[in-house]
Amino acid sequence: MHIVIAGAGIGGLTAALSLHAAGFEDVTVHEAAPEIRPLGVGINLLPHAVRELTELGLADRLAEIGVATAELAYFNRYGTPIWSEPRGLAAGYAWPQYSVHRGTLQMLLLEAVVERLGPDAVRTGSRITGPGDEDLLIGADGIHSAVRAHLYPGESPPPWNGLVLWRGVTYGDPFLTGRSMIMAGDGTQKFVAYPIETGERTLINWIAERPLDGEAPDRGNWNRPADLAEIGGHFADWRFDWLDVPGIIAGAEAAYEYPMVDRDPLPRWTFDGVTLLGDAAHAMYPIGSNGASQAIIDARVLAYALARGDLAAYEETRRPATTALQLSNREMGPEVVMKLAHERAPGGFDDIEQVIPHAERAEIAASYKRTAGFDPASLSERPSWSVDRSAVS
């Protein structure tokens, strides 16, 4: 079976590794860019995605490049705690959660593809816009997917919700546990920070978010430079006992602007030897740390389904799940606790229990885990998507 993958991002490269592990030898990845470089900033890999990379034999390499997240914590815009929970191994998962540099992860996956599939498996400067003579074309070419546009030629540009994200990285002092991921805000304006390198120095990945006046430029372009002074001005008084937000923003060498856009859920991904994967299939708001993780899971389920000769099972498994997640993220997912705290106590509070009772906060967190597929018990009990070649040969 001749398989072509459009896009050498995290999803496309994981798909190549998964297909190879499932016994498919004739797989090539085509990347439109002339060179694959470690672009981007930090992302999180949730335990369900780390499980899949572990089963692909990448656990040791992943541990070398990632920071094992110990805690996720939400605060209001004054730095007062709303909710915190352990993450990864500390939460009882069998697999860690990692904060990593997106580009470093991409290069790790690229190296593994070249090792296992050969140096000609990835072809740069090769843009795929639609099906050719392959048996299966997998569109893993991102939010502006040319393969998706071939399947849905009349689709509008990615819809924008009026918010803008600014992203950067800054060397700074550790905060809280030293491996905490924090989100502070009021449901409209927000600051996120977590370490992606620890040791002698801590490299802090940060995201600042607020409404943007006017029309959003370059929807879906992650690399538009932004003005650090302008960003810091919006967060000038966000100095907490445990984190200096304007100081972190000012300490970055550069920042990048990204309008918060996604894609509307599709009624169908697969048509006559073509299917979609990752952002090409279900681009979602960067809420709940799920974009890259869901692309990795797509890749594994697709390979598992193909090995059993049942491509339809891929979409039957993944499309309803990712549609639910896209819609949940539009409603702020687990981050809604910051919005609720602001609505109920806009001037701040002394006792969060009087604002959002523990049972309500706990259910918001647990419900999102179920929707996104990383509820601890269900994840541990789910059978592996690794393919037993002897059983399908």
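Position 1 is the first residue of the sequence, and the numbers go up from there.
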- Without swapping roles, check the side chain of D141 against the backbone of V147 for a donor-acceptor pair under 3.5 Å. yes
- Message: Determine whether a donor-acceptor pair (N or O, by modelled atom type, separation under 3.5 Å) exists between the side chain of T14 and the backbone of I10.
- Response: yes
- Item | Under 3.5 Å: donor-acceptor pair, side chain of N290, backbone of G288 | yes
- Item | Side chain proximity check, R51 to S384, heavy atoms < 4.5 angstrom | yes
- Check for a donor-acceptor pair, side chain of E25 on one end and backbone N or O of H20 on the other, with a separation under 3.5 Å. no
- Evaluate the criterion salt bridge (charged side-chain N to carboxylate O under 4.0 Å, His left out) for residue pair R127 and E31; output intermediate values, then yes/no. CA-CA 6 Å; R127 179 176 173 81; E31 170 55 47; over 6 Å; no
- Query: Cation-pi between R201 and Y171: NZ/CZ under 6.0 Å from ring centre and within 45° of the ring axis?
  - Reply: yes
- Do the side chains of L105 and Y98 get nearer than 4.5 Å, heavy atoms only? no
- Message: Less than 4.5 Å apart, side chain to side chain, heavy atoms only: is that true for R330 and P159?
- Response: yes
- Query: Do the side chains of T322 and W269 get nearer than 4.5 Å, heavy atoms only?
  - Reply: yes
- Ring geometry between F235 and W238 (parallel below 30°, tilted from 30 to 60°, perpendicular above 60°): perpendicular
- Task: Taking atom types as modelled, find out whether S180 and R87 have a side-chain donor-acceptor pair closer than 3.5 angstrom.
- Result: no
- Message: For the aromatic rings, using the six-membered ring if either is Trp, is the centroid distance between F240 and W242 under 6.0 Å?
- Response: yes
- Message: Looking at R148 and E155, is there a salt bridge between them, counting it only when a charged N and a carboxylate O are closer than 4.0 Å?
- Response: yes
- Message: Does any part of the side chain of V4, heavy atoms only, come nearer than 4.5 Å to the side chain of H30, both counted from C-beta?
- Response: yes
- Item | Whether F271 and Y152 hold their rings parallel, tilted or perpendicular, with breakpoints at 30° and 60° | perpendicular
